[in-house]
Amino acid sequence: MTSSRKDLATRPSVGALSSRSGTVRRRASGVLAGFAVVGFAAAMVAPTAVALADPSAEAAEESMYSLALADTQDLTVTVEGAAIAPAPRGTFSVYVTPKPTPTTASTGGGGGGSLAPYTGGGAPAEWMAAAGIAESDWPYVNYIVSKESGWNPNATNRSSGACGLVQALPCSKVPGNGYNPVDNLRWGNGYAVGRYGSWEGAYNFWTRNHWW
């Protein structure tokens, strides 16, 4: 009986066990709560830490702007004063057709063959009067002769051989000297009347066709 009492005396009571059990549970709950807070904080911080540690961004899509921006990186910039080689350039030449000069007769050549050029002087009115051309026809004669020879008695067409004031063709048809203005106009008077009926008719034909 004595030992039983001693055991009972040293054995904790039910109330003490209950109190001690509650204390243990409270401590366990506190520890678990602490772990929960730490775990939640770690969960919040972990993505940020990963993002900071590995900042891998998705590749940007290519666009016209991004391509153009990339091309600008290849531009070469030259500083002021730098020597720049000139670009090769082709060459060209311009040919200007020379203006033909009036051809005059000369001894032994031209349409008149061996005929001597005229050097006697005079004026158109004198030549027409001496050739027997009516004064009323002088305006028509003046127009045609001005176009044909410019009133140059020694005018010669090298390609055709026409000569003199009215450009008689061929020059050998003119009696006398084809370069003599009176001989040339006298032949021209017969040609105008014989072919066109008059100097007026010759003038009308020339203005339409630019030859006679």
Side-chain angles (χ1 to χ4, degrees), residues 71 74-212:
D71 289 340
D74 297 331
L75 295 177
T76 302
V77 180
T78 58
V79 296
E80 184 178 0
I84 301 176
R89 300 181 184 273
T91 59
F92 65 94
S93 59
V94 178
Y95 176 78
V96 179
T97 304
K99 184 177 179 180
T101 56
T103 303
T104 58
S106 59
T107 302
S114 60
L115 298 176
Y118 179 74
T119 59
E126 297 172 354
W127 298 334
M128 287 187 287
I133 299 174
E135 191 171 346
S136 59
D137 288 331
W138 288 5
Y140 303 122
V141 178
N142 179 62
Y143 182 88
I144 293 175
V145 173
S146 296
K147 297 293 185 180
E148 292 289 337
S149 63
W151 285 101
N152 177 9
N154 297 316
T156 302
N157 187 316
R158 287 183 178 178
S159 61
S160 68
C163 72
L165 295 179
V166 298
Q167 289 292 281
L169 180 64
C171 192
S172 58
K173 285 185 175 181
V174 179
N177 186 335
Y179 294 118
N180 183 290
V182 177
D183 291 345
N184 195 276
L185 285 173
R186 187 180 290 117
W187 176 89
N189 186 58
Y191 176 80
V193 175
R195 181 174 181 128
Y196 302 105
S198 65
W199 277 102
E200 182 180 3
Y203 163 81
N204 291 332
F205 183 89
W206 204 103
T207 56
R208 290 192 305 268
N209 301 279
H210 305 291
W211 61 276
W212 74 315

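Model, not experiment: these values are computed from the prediction.
- To the nearest 0.5 angstrom, Asn177 atom CG is 6.5 Å from Asp183 atom CG.
- For Leu169 against Gly161, the heavy-atom pair with the smallest separation is CD1-C, 4.2 Å.
- Classified by interplanar angle (parallel below 30°, tilted 30° to 60°, perpendicular above 60°), the ring pair Trp187/Tyr191 is parallel.
- Looking at every heavy atom in both residues, Ala202 comes nearest to Trp212 through CB-CE3, 3.8 Å.
- Between Val145 and Leu185 the shortest side-chain heavy-atom distance falls below 4.5 Å.
- Side-chain contact between Tyr203 and Val141: absent, with no pair of heavy atoms (C-beta onward) separated by less than 4.5 Å.
- In this structure, the side chains of Trp127 and Asn184 stay at 4.5 Å or more apart for every pair of heavy atoms.
- Heavy-atom minimum distance, Ala168 versus Val174: CB-CG2, 3.4 Å.
- Taking 4.5 Å as the limit, every side-chain heavy atom of Tyr140 sits out of range of all side-chain heavy atoms of Asn204.
- With Trp199 as the partner, the side chain to side chain donor-acceptor pair (under 3.5 Å) test is satisfied by one option alone out of Asn142, Asn189, Asp137: Asn189.
- The distance from atom OH of Tyr118 to atom CG of Asn154, rounded to the nearest 0.5 Å, is 9.5 Å.
- Nearest approach of Leu165 to Pro181, heavy atoms of both residues: CD1-CB, 3.5 Å.
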Stepwise side-chain hydrogen bond (donor to acceptor under 3.5 Å, both in side chains) test for Tyr179 and Thr156
CA-CA 9 Å; Tyr179 294 118; Thr156 302; 3.0 Å; yes
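- For the pair Ser149 and Gln167, the tightest heavy-atom approach, listed with the atom from each and the gap, is CB-NE2, 4.5 Å.
- Residues Gly176 and Leu115 approach most closely at O-CD2, 4.4 Å, considering heavy atoms.
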